[in-house]
Amino acid sequence: MKFFLDTAIVDEVAKMVDTGLVDGVTTNPSLIAKTGAKLEDTIAAMCKLTNGPVSAEVTATDSQGMIEQGISLRKIADNVCIKIPLTMEGLRATHKLSASGHPVNMTLCFSANQALLAAKAGARFISPFIGRLDDLGANGMDLISDIRLMYDNYPALKTEILAASIRSVGHMREAALIGADIATLPTKVMMDMVKHPLTSSGLDAFLADWEATGQNIL
Ligand code: G3P
């Protein structure tokens with residue numbers, strides 16, 4: 001499974017890239033707005049921190065506008081991936097951009113049918129939003145399962161499942177068990193993944209016992 005960080009905070013990515021756990025970054029207009037920074041500056045900085053895909057979202061709602069904005073975003077760096085919402089206009093834009101070799105991440109996916117359309121349009125990634133379905137009382141993970149099964153029925157479909165709207169370590173575990181290709185997660189969730197009380201207490205015990213030996217490792 002590849003891990004993308006879901007953030008527009010450049011410092012967050014800068015602090016995590018040396019772990020080797022960051023395979024890319026996803027942003028969206030809301031994440032960008034929270035930082036107060038310019039989109040172009042943020043995406044350019046992210047693209048220098050990782051060689052992986054950095055998703056930058058268009059804000060046009062018509063296909064021609066999406067295409068124009070997408071091509072502009074792609075000029076920022078070679079590893080920019082164009083994020084496009086799952087609408088019919090978005091599918092039109094995805095088809096044309098993908099056919100021209102531009103990678104597209106189709107976002108705001110909430111149904112398996114939407115994911116099927118995105119794959120047909122040639123999207124590089126599909127972003128099903130798990131947490132937002134859970135927020136409505138649905139089971140967002142069922143969507144990941146449905147898409148995985150659907151795509152596996154048709155090997156010609158090359159779109160990668162990018163599990164999004166990840167809110168917990170439970171989401172990460174379940175998405176990986178199902179076989180999502182990628183998860184895009186907040187930095188906090190990545191930090192939480194490594195934590196376990198028995199690891200902490202076990203390490204404390206090892207260090208205390210070692211201290212008692214009076215030895216040092218060179
Ligand atoms: O990449 C999509 C993600 O940022 C949405 O997450 O928590 O706003 O549903 P959330």
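This one's a predicted model, so the numbers in the text were calculated from it and none came from an experiment.
Within a 6.0 Å sphere centred on CE of Met1, other residues, nucleotides and ligands contribute more than 12 heavy atoms. The 12-atom threshold is not exceeded at CG of Asp78, counting heavy atoms of other residues, nucleotides or ligands nearer than 6.0 Å.
Counting only distance, with no hydrogens or angles, the side chain of Lys158 and the backbone of Pro155 share a donor-acceptor pair below 3.5 Å. The backbone N or O of Ser63 sits less than 3.5 Å from a side-chain atom of Glu89, completing a donor-acceptor pair. Not a single donor-acceptor pair under 3.5 Å links the side chain of Tyr151 to the backbone N or O of Ala156. Within the 3.5 Å criterion, the main-chain N or O of Ser111 finds a donor-acceptor partner in the side chain of Gln114.
To the nearest 0.5 Å, atoms OG (Ser127) and CG (Asn105) are separated by 3.5 Å. Interatomic distance, SG of Cys109 versus CG of Leu133, reported as 8.5 Å (0.5 Å rounding). Interatomic distance, CZ of Arg124 versus CD1 of Ile126, reported as 14.0 Å (0.5 Å rounding). Residue Glu57 holds its CD atom at 6.0 Å from CG of Asn28, rounded to the nearest 0.5 Å. The CD1 atom of Ile71 lies 7.0 Å from the NZ atom of Lys75; values are rounded to the nearest 0.5 Å. With values rounded to the nearest 0.5 angstrom, Ile144 atom CD1 is found 9.5 Å from His171 atom NE2.
Among residue pairs with one or both ends in residues 112-137, those qualifying as ring-ring contact (aromatic ring centres under 6.0 Å, His included) are Phe4-Phe125, Phe110-Phe129; sequence neighbours excluded.
Taking every heavy atom of both residues into account, Leu49 and Ala14 meet most closely at CD1-N, 3.8 Å. Leu143 approaches Pro128 most closely through the heavy-atom pair CD2-CB, 3.6 Å. Lys2 and Asp23 get closest at one heavy-atom pair: CA-OD2, 3.2 Å. Between Leu21 and Met190, the shortest heavy-atom contact is O-CE, 3.7 Å. Taking all atoms of both residues into account, the shortest heavy-atom contact from Ala56 to Leu73 is O-CD1, 3.7 Å. A pairwise comparison of heavy atoms in Ala123 and Met106 identifies CB-CG, 3.7 Å as the closest pair.
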In a table with atom names and distances, give each donor-acceptor pair under 3.5 Å that connects a side chain of residues 33-48 to protein atoms at least two apart or in another chain.
residue: Thr35; atom: OG1; partner: Ile32; partner atom: O; Å: 2.7
residue: Thr35; atom: OG1; partner: Ala37; partner atom: N; Å: 3.0
residue: Thr42; atom: OG1; partner: Lys38; partner atom: O; Å: 3.2

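Partners of Asp181 according to the side-chain contact (heavy atoms from CB on, under 4.5 Å) rule, which considers only residues two or more places apart in sequence or in another chain, are Arg148, Glu160, Ile161. Every side-chain contact (heavy atoms from CB on, under 4.5 Å) that Thr59 has, sequence neighbours left out, goes to Pro29, Gln69.
In terms of hydrophobic clustering, with Ile, Leu, Val, Met, Phe, Trp and Tyr side chains grouped at heavy-atom distances under 4.5 Å, Val169 and Phe3 are assigned to a common cluster. When the side chains of ILVMFWY residues are joined at heavy-atom separations under 4.5 Å, either directly or via intervening members, Met191 and Val22 end up in a single hydrophobic cluster. Criterion: ILVMFWY side-chain heavy atoms under 4.5 Å apart, direct or through other members. Under it, Met66 and Met88 are part of a common hydrophobic cluster. Follow the hydrophobic side-chain contacts under 4.5 Å out from Leu149 and you never reach Tyr154; the two are in separate clusters. Residues Ile182 and Val25 are members of separate hydrophobic clusters, defined by side-chain heavy-atom contacts under 4.5 angstrom among Ile, Leu, Val, Met, Phe, Trp and Tyr.
Of the listed residues (Val104, Ile84, Ile82, Thr159), just one forms a side-chain contact (heavy atoms from CB on, under 4.5 Å) with Ser98, and that residue is Val104.
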Checklist line | Full working for side chain to side chain contact (heavy atoms under 4.5 Å, CB included) between Ile67 and Leu97 | finding: CA-CA 7 Å; Ile67 290 166; Leu97 287 165; 4.1 Å; yes
Next item on the list: Walk me through it: do Thr26 and Thr184 pass the test side-chain hydrogen bond (donor to acceptor under 3.5 Å, both in side chains)?
Entry: CA-CA 7 Å; Thr26 56; Thr184 190; 2.5 Å; yes
Next item on the list: For Leu157 and Leu116, run side chain to side chain contact (heavy atoms under 4.5 Å, CB included): C-alpha distance rounded to whole Å, both residues' side-chain angles, the deciding distance at 0.1 Å, then the answer.
Entry: CA-CA 9 Å; Leu157 296 179; Leu116 185 57; 4.1 Å; yes
Notebook entry, point to check: What do the steps show when you test Met172 against Val189 for side chain to side chain contact (heavy atoms under 4.5 Å, CB included), and what is the final call?
Noted result: CA-CA 9 Å; Met172 288 299 294; Val189 173; 3.9 Å; yes
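Side-chain contacts under 4.5 Å among hydrophobic residues (ILVMFWY), followed directly or transitively, place Leu203 together with Leu207. In this structure, Phe206 shares a hydrophobic cluster with no other residue, the cluster being traced through Ile, Leu, Val, Met, Phe, Trp and Tyr side chains under 4.5 angstrom apart.
Using a 4.0 Å cut-off between a side-chain N of Lys or Arg and a carboxylate O of Asp or Glu, Arg167 and Asp135 qualify as a salt bridge. Asp192 and Lys195 are joined by a salt bridge, as a carboxylate oxygen and a charged side-chain nitrogen come within less than 4.0 angstrom of each other.
Here the side chains of Thr61 and Thr87 are not in contact, with every heavy-atom distance at 4.5 Å or above. No side-chain heavy atom of Val80 sits under 4.5 Å from any side-chain heavy atom of His102. Looking only at side-chain heavy atoms (C-beta outward), Pro85 and Val58 come within less than 4.5 Å of each other. Annotation: side chain of Leu31 is in contact with side chain of Asp6 (closest heavy-atom distance under 4.5 Å).
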